[in-house]
Each structure stands twice: as C-alpha cells, then as structure tokens.
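One structure below.
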Amino acid sequence: MSVVRARGLVKAFGGGRAARRVLDGADLDVELGEVVAVLGRSGSGKSTLLHVVGGLDRVEGGQIEVAGVRVDRQGERGLTRFRRRHVGFVFQFFHLVPELTGEENVLLPGRLHGDSSAAERRGRELIDWLGLSEVANRLPQTLSGGEQQRFALARALVGDPTVLLADEPTGNLDAESGALVLGLLRDVADSGRAVLLVTHDPEAAAVADRLVHLEDGRLVPGAPEPLHAAAAR
Amino acid sequence: MSAAARAAISRLRSRAGRSLLAAAGIVAAAAMLGTAITVSYAFGTGFERSAERADLPDVIARFEEEQLSDVDRRVSALPNLASRSYRLEAKGIDLAAAGGASERGAVHIVRAGRRGYAVTEGRDLSGRSGEVLVERGVAAEWGVEPGEEISVEGLGPQRVVGISVSPDNVAFPLSSDPRIYLAHEGLVESYGPYGAPVNMALVWANDPARIDVTLEQARAVSYGLEDLRFLTQGGIRGLIDQAAGIVIALLVAFSLVALGSAALMLAAAARAEVERRMSTVGVLRALGFSRAGVVGDYALEATLLAAPAGLLGLGLGALAALGPTTGVLESLNQMSPGVPLVGLLALALVGIVAVVAGATAWPAWRAASRPPAQAMRGPVVGSGRSAPRRSLLPGGALGLGMRLVAARRARLAGTVAVLGAATGLVLLMLSLASVLERLQSDPGVIGKRYQLTANGPASLAPAIREIRGVAAAAPRYEVEAADSFELGEAMRLIAFPGDHTVFEAQPLAEGRRVRGDAEAEVGVGLADTLGLRPGSVLPAQLPSGAEVRFRVVGIVRALENEGRVAYVRPRRLAGATSGADRTIAIRLEPGASRAAVTDALDDLGALPEPAVGGATTNNARFLGTLADMLRAVAAVNGLMCLYALVQALALTALERRPAIAVLRAGGAGRRHLALVFGGAAALVVALAGALGLVLERLLLGPAVTELAADYAALPLRAGAGSVAAVIAGLAAVALVSSAWVGRRVAREPVVAGLRAE
C-alpha cells in the first residue's frame, strides 16, 4: 500500500505570459520501505514536487495523501501538525542553526515541541547510529559537509517520521560523503520508512528502488535520457 | 526630478511594506525628538521670551501707598534708569464675571507709560472710562472674552477690551488672586480726581546687567517708604521656579536624554535597513556599480524616506507636546514658543535626514567594500566561535530565540542601549510623577524632616523623645520680625535649639550652616530683598521692639514665606521666644506608626497638630496638565520601545529565514515561532530592563536630583511599584512584538525561507 499517493498534481509559477506549470498532472506513489529517486533537469519542478508532498507548499490541482492525511485539504495548522507527525526533511544546504552544536540541532525539534525526554533519547541514538558521537558537541561551521548532512538527517529522523523527503542531499557533498549519505537513506528506508529523494546525482540510482523523472510537469518512470547510461552503470 | 531620484522612489515603492516599516521607525524617533525639542525650548526659554514680549520691567518695587510725586522724585534720580511707570495695586477686591467670581481680586490701576504686560487678544486700555483689561488666566478660567463685562467692586460692570499676560507671577488660578487692569485716566474721567497714590514702581534699566547699582541707590533713597520690597527679573523667575521650576527643570533634563535616545535609534534603524538589503549591494557591485555609486543611491533613498517621515514625526511629536506644554506655560503666565520653535524643528529635520543618510551610507560603504559574492549572501550571522562553549541560555524555543538574537552582538547591544535608555527614562518619569504627588503632601520634599508637631511647653521635648518611634523632638520657634534698617521688610525667624538641619534642612545655595547663636541662614527671597550675602549683617526688629543682629553665614533655598525666612538659634531671641509661635517638632523613625505616636502625645498632654504639609502648589489643574505632558512623552517613548524591538526581531527573522523555515518544515507552528521570538524579545528586554534600572539608579536619578537641588530636596528613585510597572510594560512590549513578528513570519511560505540560502 502506498504511503505517498499523489494524483494529477498541478502547480504553476508566475502569471500572465510568464506563467509556467512545473507540475501538470503529475502522479506519484511511494511505499513504505521504498526509496524513490526523482530525477530531472534544473528547474523541472523536482523540489516543488517534494515541497507539495511534504506540505511546505500548496498545489492548485490534484490530490495528495501521505500516511493517510489528505495534504491538499489541510489548512495551515493541519499542515503544521502533518509535518510534525509524518514528515522529515533533509536539504541540500543542511540548514543547521550555526549557534547550536550538532547535538543541539538534532534535539531542537523535540525541545521545540516540548517532548524532549523521548526525543533526546532518540536523538542520541541517531547520533550514535550515524557515527557522530565524537563531534556531537561541535558547532556546524567546524564540521565537514558530510557530518553536517548526517546531523541534518538525524534531525529529520528524530520525530520518527513515516516519510523522509530529501532535496538534493548530496548536492553539496564530495563523492565519498555523498555515497555515505545515500547509503544511510537506504538504511532509513530499510527500517520501514518511505524515502522520496530528489537529486541530480546519478549515484542515487544505486540506492533507489525506483527512478522517476519529471518531464513537462509529469512524472515518467525511469531516468531521463542522459542519465540512462549512468543509471545503467 | 532627477533620474536618480525617480529611480530611488521607484525602488522604495517596489518594497512598500519595508519602506513603510522603516519610515515608521523614523516617524517614532522623530516624534520623540519633536516632543523633546518642544518641551525643552518652550520651558527653557519661556520666561525670557515672555518677559521680552511683555516688556517686563527690570525691577518692580512695592511699598505702602505714597503720592506719585514723592515716589517719582526718588525714582527719577536713580542711576542706570531707562524709563519708569507706576501703578496702584488694590487687593481683596470683589470681581465677578459670567463664568466665575472671586473676593480676592487684584486690581492694578495703570498710568501712562510702559505697561509691563503684553496684550494677547483685543486691545490695550485707551484711558476711557469703563474699560478693563483681564489677565489671560482669569479670562480662561472664567470664560471671559473681549466685549464682555466683568463686575468690579465699587465700580460696577466694566467692559473687557483685551486680554493680557505678564510673567511677573504665575497665572490665576495657580495664583489665588485674579488680576485685572484699569486705566488711571478712565477712573478720573468717571469719578473725578481721587488723589494720586501709587504703591508700585516699574523700573526699566539702561543696562540690566548693572541693576544692582540701581537697587543699591534705590535702597539708599527709600527712606520713608513703608514695607518696601524689590523684585528683580531674576527674583521673579525664582518665584515662578518655586511654583513649577522643579518640574520644568526635570522635564528639560528628561527631554535632553530622550533626544539622545532618538538619535541612537535613528542610526540603528538606518543601519538595520542596509543590512536587510545586503545582498542587493552585492548584486549591484557584481553588475559593475562603483562603491560611491552604491552609497550615493542608498543615501538618496534614505533622504527621500527620512525627509517626509521626519517631518511627520516631528510634527506629531511637537503637536503631542504642544497642547500640554502650552497649558503649563499659560499656568505660568508665559507665551507659547511660536515661530522660533518652527525654525528649531526645521533644523532638527535636517539633522534627522543627515543622521539617517549618514547611518545608511556608512554600512552601505562597508557592505560595498566586501567582495560582491560575500555581500550577495546577505548579512553575516553566526557565532563565529570555533569551539563550542556551554551556553547559559535555556534550550527549547525560548533558548533558540535568545541565541538567534544574541548572534548579532552589535545589534543586540544597540537595541538594548535604546530600550535601556528608554526604560531608564520611563522610570525617571514615574519617579517624577510621584514627586508631583509628594510636592503636595510630603514635607520632606521641601526640606522638612519632621512629620508631626505638638503644642505644649518646651520642657515636654525630652519626654516626647522617649516615645517609641520618635527619632528626635525639639521646640520650634517662629517669630515674625522686621528688618530694622528702617526698610520695614517683614521676615520670619525660625529657631531650633541646636542643629536645625535635624528638623529642617533646606538646600544650601551659598555659604554654610548655622553653628552658633550669632549666626543665621537666610532664605533666597530675604537675601534678594535685603541684598544679603554670607558675611552680611541681618538686623531684625522683634515684636517686643528689641533689635537683634545676626551674621549671615548661609543662603538657603527655602520655599516657606516666599523665602523671606532666617534660621537662627533661639538664645538671642531671648524674651521674644515666650511670645513666639512655638510648637514641638517631632521627627519619626522610619516605619514608625504615626497613630501610635499621636496617642502617646495625647497621654503626655501634648496636643498633636495636623500633619506637617508639603510645598506650594495644590492646584489640581496645573498638576493635571503636567501629568498630561508626562503621559504624552511616555506614550511616544513606549511606541519607540515597541518599534525598536519589532525592528530587531524582524531583522533577526529576516536573517534567519532558512533556520526558521527548517523549524517550520519540522512542524513548528505559529505558537512555536512566537515562542522563539518571545525568547529573543525576553533576552533583549531583560538586559534592557537591567540597564534601565542601573541608568536610573546611578545616572539619571542622581543627575536630575542634583538639578532639582536648587529647588527642593528630591531624592529621585523609582519605587518598587514603579519598577514593577515598567517590568510589566517591557513584558507587554516583548509579548506584542514577538507575537506580531511570529505571525508575520508564519504568513510567509516555508519554501521562500528555504530558498533564501
């Protein structure tokens, strides 16, 4: 059964002659334990797809259901609740708060929502699991890109989300760190979550169960042409 | 309009919301400045301005009625004399108008020559019968206008031809005697010659700076004039000061401090605006604009924004202060500031534009000096620490907010400085308000340190001192005496055995305290009248006819009996003390029960008298007007605090858009955001509150107390209630600003924040 189910998604930017539909009838299904990688050229609407699935942005048409929640029907409060309970985000630029240590960044969501004891226990487990214990008390600017992204991953998982949405998680990392992060995303899916991954990185194909690509606002199975070869490797 | 100006206006329009927010800050600071300038100028120059407009004489001499020819013979021989005129003042005359009446009317019958008053409405007396000129305070209080009638005891209805002002006394009803003017010629026309008595001489000097020479000669030729009293312009100002000088001095000081805060805030707001648009600077530089070009554009934009906003703010501030200020000035018989104030406000506008343009140009220059790629990333945030330290700030949303705002230390310091100064000022203002109340009822304000008096023989004093709760008790003698240099000047001798400062310690203006039986401290009023200085001899004729002489060792700023008092020891008063007005002054220990002491006095057979009173003014309207002014200044100040905090939080929100967007992506709602900004606001107001308290305790309070020491003993210190009120106010400002910024941030799409990196 699909934990993410989207049908006929429509999303446009701009107005008048400059209006452009980045999503134009896109359909998507992601199941628990599955890693789905969304590929596509720059500006094709990959991040937008991730944002509307994660309740960060609204669609103009179509339906989205994630973990049994009709995302497209939620008001602002409902979306906030939905994000808190069901979704975790990982971003290309990590977005760690520079004044907080790596561990404090991981524990921040739990502290913010007042459920700190359970979240702290889980956060420390995640830090251990991601091999970050040694650097847990360091500030972000003293960490490598890979370490920062792993802390960001731990922060995304600390709320025990059903779905993990990763937007170019390797876009700012060297090859070795990128491979490590992709491996961890695979592990996350294997632990029973759904992972929706937006990437340019052909290496993502290696960890993904399925590849889809955005073309003229619709999701098409498989990688786009130039990536076929890389994906095949 | 130049192309650059059109482009700048277009840029301002394109971000209308932010431009309006920046303009709002300038309006708030300019309003504060407008208030400060209006209050400072109106009061700082009020007396001189009004004296000039009214052609106030340099000396006013009062004496028992004498024939004009006799007085004029003496006055015309005075050195340094420019001109003179004479009046007959009749007091205790029944006056009645449609809107009010008094049995204490003061009728001034004026003669040809310089008048010594200004006509503000209608016209001056023409010399025809049946005309009367009414003082402005009386006209306002009784609703009298030119053309109406006022009934004068013995003369019947008189037609009001004009309204006058003279700053030689405070206005009715602050002064209890309503004053009107009649022309001597008119009275002669109606009633025939009535003799030519006068009891006032108005003297204008060629060189007012050398008026002491004229006065010295006047005393020398005054033989035969009874109850002669001289009042110089300085003396008049002293009298006015007795009524309102304390408050005026404090308000002027308050305004000067407010002015400093406004300048600081203007600079902070302008700097914040440039930082807000740091990335645009980077883009412009990347496109090939020179540093000077970028800076010029910013300065032009700042000017176009600051000029109208500054004008609006100054106007609002001046209007807010002008009403209550004019009310106080009218109570003091002084003129409104008029055109020169407009000139000052125009100068202030130039200053505001210069500060905003300069404060914009400097950070723009610094921003333009950065590599464009770095500038395009926006303001640099982050701790800059290479190694973590254990933070003292709490975790969670509140702690995060504190850390976010603390990341920009210079801005945090600026915001805390602005809010701290404002907090200190508000605390000072609350202290002032409490002083206004105490002026009416607290004897300590006017130097009296005893709280109770009792009637009984002096021999009871030792027994009274034994009463629980009594710190000190001693007989206090009051003897009404006259200056025995044949001027007949009345004075009051106040005598305590031993150190009188235990019971009455008026501020010492000059010299030292009394140490022996032959010494006296004299009030400023008496010193001015008799020309006394430390080292002079004070000869006093006692009611018994005996004369005693004291050597003046100090001049004190006493308010009692218009300062015509002298503090001495009772031994030289000899037999006079037996017939003197004697009471036992009782000083209580702090916290002692007044009721218990009064009961104990009853048991001793001493008759307790009503509680010792405060200073002069018990005029509710006057105090109400002053309170209005304090409220107007406080309101502007409060708005400024709110804006400064909103500005700081909004800027923090802007800089930290990605971090806040991540929080929102993780499920943080409006409540969580409000908590984050609440934490930021809490840190700012906690630091500002502490700074404000320190400023008030260590700097502002003592400085203003020192300033007021000329008038009365005013230990300015905000009480626990005032401190609590200010803390509550700061908390309210923090709540409102954090809720507002939190709400504003929550309205922005999350993805917009994520794209901001």
Side-chain angles (χ1 to χ4, degrees), chain A residues 13 47-48 50-52 54-58 76-105 107-116 120 135-142 152 155-159 161 165 167 172, chain B residues 377 380-391 393-409 652 655-676 679-680 683 743 745-757:
Chain A
F13 290 108
S47 293
T48 303
L50 212 62
H51 293 157
V52 297
L56 295 181
D57 207 349
R58 292 178 183 280
E76 199 52 51
R77 283 190 181 181
L79 284 177
T80 299
R81 200 167 41 243
F82 160 74
R83 293 195 296 260
R84 189 187 313 153
R85 290 180 183 168
H86 299 295
V87 185
F89 286 94
V90 176
F91 304 98
Q92 179 179 355
F93 294 107
F94 328 131
H95 288 321
L96 296 177
V97 180
E99 290 79 17
L100 306 183
T101 63
E103 182 181 274
E104 286 171 328
N105 267 285
L107 302 182
L108 182 62
R111 289 178 175 172
L112 208 60
H113 300 132
D115 49 353
S116 54
E120 284 198 15
V135 291
N137 288 320
R138 290 173 64 178
L139 293 171
Q141 59 267 36
T142 65
R155 183 179 62 188
L157 294 173
V158 77
L165 303 172
D167 190 357
N172 229 19
Chain B
R377 285 198 286 273
V380 177
V381 290
S383 64
R385 285 183 274 141
S386 55
R389 288 181 219 143
R390 178 59 60 191
S391 175
L393 300 173
L398 287 170
L400 176 65
M402 291 178 184
R403 292 191 195 194
L404 292 184
V405 81
R408 297 302 301 262
R409 288 174 196 165
T652 302
E655 287 167 350
R656 315 312 293 266
R657 283 172 84 199
I660 289 165
V662 168
L663 293 181
R664 294 179 67 197
R670 186 179 293 176
R671 188 175 64 85
H672 300 108
L673 295 180
L675 275 175
V676 169
L683 180 65
R743 187 185 167 89
V745 167
R747 281 210 294 255
E748 185 185 58
V750 181
V751 287
L754 293 174
R755 288 190 190 118
E757 187 71 34

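Note on naming: letters A, B, ... go to the chains in the order of the sequence lines (proteins, then strands), and numbering restarts at 1 for each one. Hydrogens, waters and symmetry mates are skipped; everything else that's a heavy atom, side chains included, is used. Here the structure is a predicted model, which means the values were calculated and not measured.
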Exercise for review: Calculate, to the nearest 0.5 Å, the distance between atoms CD and CG belonging to A:Glu99 and B:Leu400 respectively.
Suggested key: 8.0 Å
Point to revise | Note, A:Val97 side chain near B:Arg403 side chain (heavy atom, < 4.5 Å) | key: no
Exercise for review: Find out whether B:Arg656 and A:Pro98 are in side-chain contact, i.e. whether some heavy atom of one side chain is under 4.5 Å from a heavy atom of the other.
Suggested key: yes
Non-hydrogen atoms of chain B under 4.5 Å away: do they reach the side chain of [X], the backbone, both or neither?
X        : value
A:Arg77  : neither
A:Leu107 : neither
A:Leu108 : side chain

Just list the side-chain donor-acceptor pairs under 3.5 Å for residues 659-667 of chain B, sequence neighbours left out, or say none.
residue, atom, partner, partner atom, Å
B:Arg664, NH1, B:Val745, O, 3.3
B:Arg664, NH1, B:Glu748, O, 2.5
B:Arg664, NH2, B:Ala746, O, 2.8
B:Arg664, NH2, B:Glu748, O, 3.2

Check your understanding: Under the salt bridge (Lys or Arg N to Asp or Glu O under 4.0 Å) test, which residues partner A:Arg58, sequence neighbours left out?
Key -> A:Glu76
